There are 2 protein chains.
Amino acid sequence: MVGRPKKFDEQQALAAALEVFWKRGYEAASCEELLEAMGINSGSMYSTFGDKKALYERAFELYASNVFLRTQEILNGSGTPLENVRTWVRGWQEFQEEHDCKGCLVSHTIIEFGSSENPVGHRARKLIADMQVMLQEKLQDAQDLGELPEGHQPADLATFFVNTAHGMTVVARSGTGERDIPGIIRTMLALLGEKSANKIKPMKQPTIDFISSN
Amino acid sequence: MVGRPKKFDEQQALAAALEVFWKRGYEAASCEELLEAMGINSGSMYSTFGDKKALYERAFELYASNVFLRTQEILNGSGTPLENVRTWVRGWQEFQEEHDCKGCLVSHTIIEFGSSENPVGHRARKLIADMQVMLQEKLQDAQDLGELPEGHQPADLATFFVNTAHGMTVVARSGTGERDIPGIIRTMLALLGEKSANKIKPMKQPTIDFISSN
DNA sequence: TGCATTTTTGAAACCTGATTCAAATAGATG
DNA sequence: CATCTATTTGAATCAGGTTTCAAAAATGCA
């Protein structure tokens, strides 16, 4: 490779762009803002990523694959199926805390592009569907082992959890996430039969910091 | 009053604009689209409403006041507190069906303007807060009467219901509302102690059609 | 009918971002 | 050092959506 060397790191710039898109959404994130955060000028951005839309696709993919992997990792953890689901639910709180109550980019993307033929909207719906299946299977395992409280079907619960997660995106963005999310999580855990759910304070889980680099 | 008479009905045009904003969001709704739906040209719109932002404020206000009144009406209905809350929860399904699974404009507005200093964002947050209080009071009444199942606090439940409602906006917009919302409602009703919640099919409630005119 | 007043119309002006591109720059190579 | 290629820079351009406005039209009234 000859010629002037790139002076910025593509992944780092992408992570910076993700941060902006995540906070503001696609439309509201101006190129100026993005370039500022990425630390490069328009020319570099356009030659590297194509255009704003393509940049969003890349940023979304970074987010999506990491959320998916994180979920997969937690649900297939070392505990029983139900314990893993609970850990996953508790993870949401941590996730919001870690990321400044910006909510989930997937929910945000569905709101912005959900009904359109936009490829990112399609990707977002697919991701949710896949995660919902994963969750449902785990809940089915829990039920087969007799871990699940009576009165709920795995499919209904999986749908419900996904719905709750979407809701937290709106709550987070309304500014009351810090106040409200802990209680929401407690109620979810109670649904899973965690009797003392509204007494215990969920403990910190060690997790991968999955956005910054890689 | 002298001069050429207005040939369009302001409230009707506003309702049409609301429909477009509701379906597409503020940014994505182009003036062209709005004017087309309203059946007027830009001049009439600008002289009547001011500008696009002011039009959104008016449309949002129409939506907000009607949702608030509808909620108030249902929660203060003729049943017991808990029955009224259940009726309210069941009403969501109907609401989504009636309105083509567009979700709730308030959730959408919070996503789009929630964190900004935008006055509509502020109004949306306030509306949610007010409705949450109303709901919490009703749940408190239910608890005082011994209607509420053990294990949940009215405040937590109210927060949780609001969260669930927000979630349904995302689910609706992801295109799976028709499939998923009934189950979500059933799970909510089960949380309120409705034992047969996942067997019964919620019956149609007579309600005001609150958007079109008025 | 002619005048005053208000609304409608839609093309033009205007703005705000997104995108391009020619010139400048930084290394690699011989 | 001269040359080559790839990258950076940021001003200029472009695109699209919003807003204005002058002319035309509709009504009441004298």
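Everything numeric in this text was worked out from a predicted model, so none of it was measured. Below, chain A is the first sequence line, B the second, and so on; all start at residue 1.
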Polar atom pairs (N or O), protein with nucleotides 18-22 of chain C, under 3.5 Å:
{"unit_1": "C/dA18", "atom_1": "OP1", "unit_2": "A/K52", "atom_2": "NZ", "d": "2.8"}
{"unit_1": "C/dA18", "atom_1": "OP2", "unit_2": "A/C31", "atom_2": "N", "d": "2.4"}
{"unit_1": "C/dT19", "atom_1": "OP2", "unit_2": "A/Y46", "atom_2": "OH", "d": "2.5"}
{"unit_1": "C/dT19", "atom_1": "OP2", "unit_2": "A/K52", "atom_2": "N", "d": "3.2"}
{"unit_1": "C/dT19", "atom_1": "O5'", "unit_2": "A/Y46", "atom_2": "OH", "d": "3.2"}
{"unit_1": "C/dT20", "atom_1": "O4", "unit_2": "A/S42", "atom_2": "OG", "d": "2.8"}

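Separating the CD atom of A/E36 from the P atom of C/dG17 is a distance of 15 Å, rounded to the nearest angstrom. Per the geometry, CG belonging to A/L34 stands 15 Å off C1' belonging to C/dT16, to the nearest Å. Between A/N41 atom CG and C/dA26 atom P the separation is 14 Å, expressed in whole Å. Taking atom CD1 on B/I40 and atom C1' on C/dT6, their separation rounds to 15 Å, with Å as the unit. With rounding to whole Å, B/R24 atom CZ is found 13 Å from D/dG17 atom C1'. As a whole-Å value, the separation of A/K7 NZ from D/dT7 P is 13 Å.
The number of heavy atoms from other shown groups lying within 6.0 Å of CD (B/Q72) is above 12.
With sequence neighbours left out, the salt bridge (Lys or Arg N to Asp or Glu O under 4.0 Å) criterion links B/K52 to no other residue. Not counting sequence neighbours, B/K53 has no partner by the salt bridge (Lys or Arg N to Asp or Glu O under 4.0 Å) test. When the salt bridge (Lys or Arg N to Asp or Glu O under 4.0 Å) test is applied to B/E10, the partners found at least two apart in sequence or on another chain are B/R58. Residues passing the side-chain contact (heavy atoms from CB on, under 4.5 Å) test with A/S174, sequence neighbours excluded: A/T176, B/I110, B/R125.
No hydrogens or angles were tested; on distance alone, a donor-acceptor pair under 3.5 Å links the side chain of A/R4 to the base of C/dT25.
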Show me the donor-acceptor pairs, under 3.5 Å and distance only, between side chains in residues 36-50 of chain B and residues at least two apart or in other chains.
{"unit_1": "B/S47", "atom_1": "OG", "unit_2": "B/G43", "atom_2": "O", "d": "3.2"}
{"unit_1": "B/S47", "atom_1": "OG", "unit_2": "B/S44", "atom_2": "O", "d": "3.2"}
{"unit_1": "B/T48", "atom_1": "OG1", "unit_2": "B/S44", "atom_2": "O", "d": "2.7"}

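You'll find that the side chain of B/V2 is closest to D/dG28, out of D/dG28, D/dT8, C/dA26.
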